[in-house]
There are 2 protein chains.
Amino acid sequence: MNNSELEETLKFYFPNIKEESLNTIVKHSSYLKSTKGTTLIPEGKRHHYIYLIVKGSVKSYYLKKSKEVCVWFSLENEIIGTTSTIQGNASKETIELLEDSELIKLNIEKINKLTQTDFSISNLLNNLWEKHAIFLEERLYQLQFMNSYERYEALIKDTPEILQRVSLTDIASFLGVSRETLSRIRAKK
Amino acid sequence: MNNSELEETLKFYFPNIKEESLNTIVKHSSYLKSTKGTTLIPEGKRHHYIYLIVKGSVKSYYLKKSKEVCVWFSLENEIIGTTSTIQGNASKETIELLEDSELIKLNIEKINKLTQTDFSISNLLNNLWEKHAIFLEERLYQLQFMNSYERYEALIKDTPEILQRVSLTDIASFLGVSRETLSRIRAKK
DNA sequence: GATCTCATTTGACAAATGTCACAAAACTAT
DNA sequence: ATAGTTTTGTGACATTTGTCAAATGAGATC
């Protein structure tokens, strides 16, 4: 992927960005192709990048009694990273590729700096945070107000393809139930 | 509360704000004193304000089978509002005073506008979103990884005074358990 | 195609939590 | 202080979900 392709792709993710800001961002971006299972951001390490998923899928997880528990999944066209990364702290979660994927890697520190001098960037970051907060609120709502069956229904209604692309073990932990319980939810249906 | 007191209080909440932005915000703020049980933001209505809690406490809740289920509590020195409000949509939750309270009411639309022209405001909003996202992530983590006993422990460790100021019924729904279960958790201790 | 490995399903049982009914305690107003 | 109201606690039982063990299924490798 050359610079002008990179630019095109970035425009897709950041439609209202100023030409000048785009150039600055391109300077601090790179294209990345990697295989299933690759760790993008390891737990406990400082990490300076956020990623745009061009192709593939990614999960974020914590370890609980040496078992992975998923916090989120992301597919194409999403922007991913961890809150700690953006704040400059060590990541609490591990971010890992679920499939062979293509990504664009952005230096978050450079972007954070642009925030001080470029309104289109600071608004862009504001929008990212807003979207992230809305995602978290929706998820919290589901965990607090829906039973496991309803949460499963909501997930496959929202992202039907998740079933083809993510293991039921990961989906179960994301929904907050054991593998076996998810299996029974699906059998009852 | 006169304008210069208002200004002082706002400075406490927004320590790095530019003098000029502060003046603009003061113009679109007002002081508010109201009694326990008052609805600050009703569910289903568009609302144009966020609030700073000078004194008192506030809860946010949804209705589930005509029972209130708490989403969050806030005490003094916190900034509150709903995501929908900030985005200009109807609020999904009801925000209500838990005690007689004193608040400062800020027009969020004016503040959102300042975001386009004033970096100290856009950074301020960015910080608010960040803090909110971190709060939500922590809460999500607790719901997904801790059992009800651990969540109760975490709450009273984080905010011990909550027990004196919020009913156990509200606390139970916030923790995602029934009143009776919370009662038993407390008895076992 | 046979074998191996890993993911998923199923059964049996235990543990946690919800629900309903009622008792005890704390708080209000007179 | 008393009566009434609201909040909190407790017991009995039903339901949901977790855990462990084993069986089945699907995909990869040779």
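First the proteins, then the strands, lettered A, B, ... as listed; each starts at 1.
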Quiz item: How far apart are the closest heavy atoms of Asn126(A) and Ser122(B), and which atoms are they?
Solution: ND2-O, 3.5 Å

Self-check item: Nearest-Å distance for atom pair CD/P, residues Gln144(A) and dT17(C)
Solution: 15 Å

Quiz prompt | Partner residues of Thr83(A) under the side chain to side chain donor-acceptor pair (under 3.5 Å) criterion, sequence neighbours left out | solution = Glu137(B)

Quiz item: Do Lys105(B) and Tyr49(B) meet the cation-pi criteria used here (NZ or CZ under 6.0 Å from the six-membered ring centre, within 45° of the axis)?
Solution: yes

Quiz prompt | Heavy-atom pair with the smallest gap, counting every atom of Lys59(A) and Asp170(A) | solution = NZ-OD2, 3.0 Å

Self-check item: Protein-nucleotide distance (Leu168(A), atom CG; dG27(D), atom P), rounded to Å
Solution: 13 Å

Under-3.5 Å N/O pairs linking protein and nucleotides 23-25 of chain D:
none

Self-check item: Spacing between Met146(B) atom CE and dT17(C) atom C1', to the nearest angstrom
Solution: 19 Å

Quiz item: Whole-Å distance between dT7(D) P and Leu98(B) CG?
Solution: 12 Å

Quiz prompt | All salt bridge (charged side-chain N to carboxylate O under 4.0 Å, His left out) counterparts of Glu138(A), not counting sequence neighbours | solution = none

Practice problem: Go through Ile162(B) and Phe73(B) one step at a time and tell me if the side chain to side chain contact (heavy atoms under 4.5 Å, CB included) criterion holds. | Solution: CA-CA 9 Å; Ile162(B) 209 90; Phe73(B) 308 108; 4.0 Å; yes

Report each atom pair, protein N/O against N/O of nucleotides 23-30 of chain C, whose distance is under 3.5 angstrom.
none

Exercise. Measure from NZ or CZ of Arg151(B) to the centre of the six-membered ring of Phe174(B), then state whether that distance is under 6.0 Å and the direction lies within 45° of the axis.
Key: no

Quiz item: Quick one: Leu163(A) CG to dA7(C) C1', roughly how many Å, whole number?
Solution: 14 Å

Quiz item: Tell me: CZ of Arg186(B) to P of dT7(D), nearest whole Å?
Solution: 15 Å

Expected list for residues 36-44 of chain B: side-chain donor-acceptor pairs under 3.5 angstrom, two or more places apart:
| unit_1 | atom_1 | unit_2 | atom_2 | d |
| --- | --- | --- | --- | --- |
| Thr38(B) | OG1 | Ser34(B) | OG | 3.0 |
| Thr38(B) | OG1 | Thr35(B) | O | 2.5 |

Quiz item: Heavy atoms, side chains only, cut-off 4.5 Å: are Asp118(A) and Lys18(A) in contact?
Solution: yes

Practice problem: Answer yes or no: does atom CD of Glu99(A) have more than 12 heavy-atom neighbours from other residues, nucleotides or ligands under 6.0 Å? | Solution: yes

Quiz item: Can you give one letter per nucleotide of nucleotides 13-20 of chain D, going 5' to 3': B for a protein heavy atom under 4.0 Å from the base, S for sugar-phosphate only, - for none?
Solution: ----SSBB

Self-check item: Val54(A) versus Glu76(A), closest heavy-atom pair with distance
Solution: O-CG, 3.5 Å

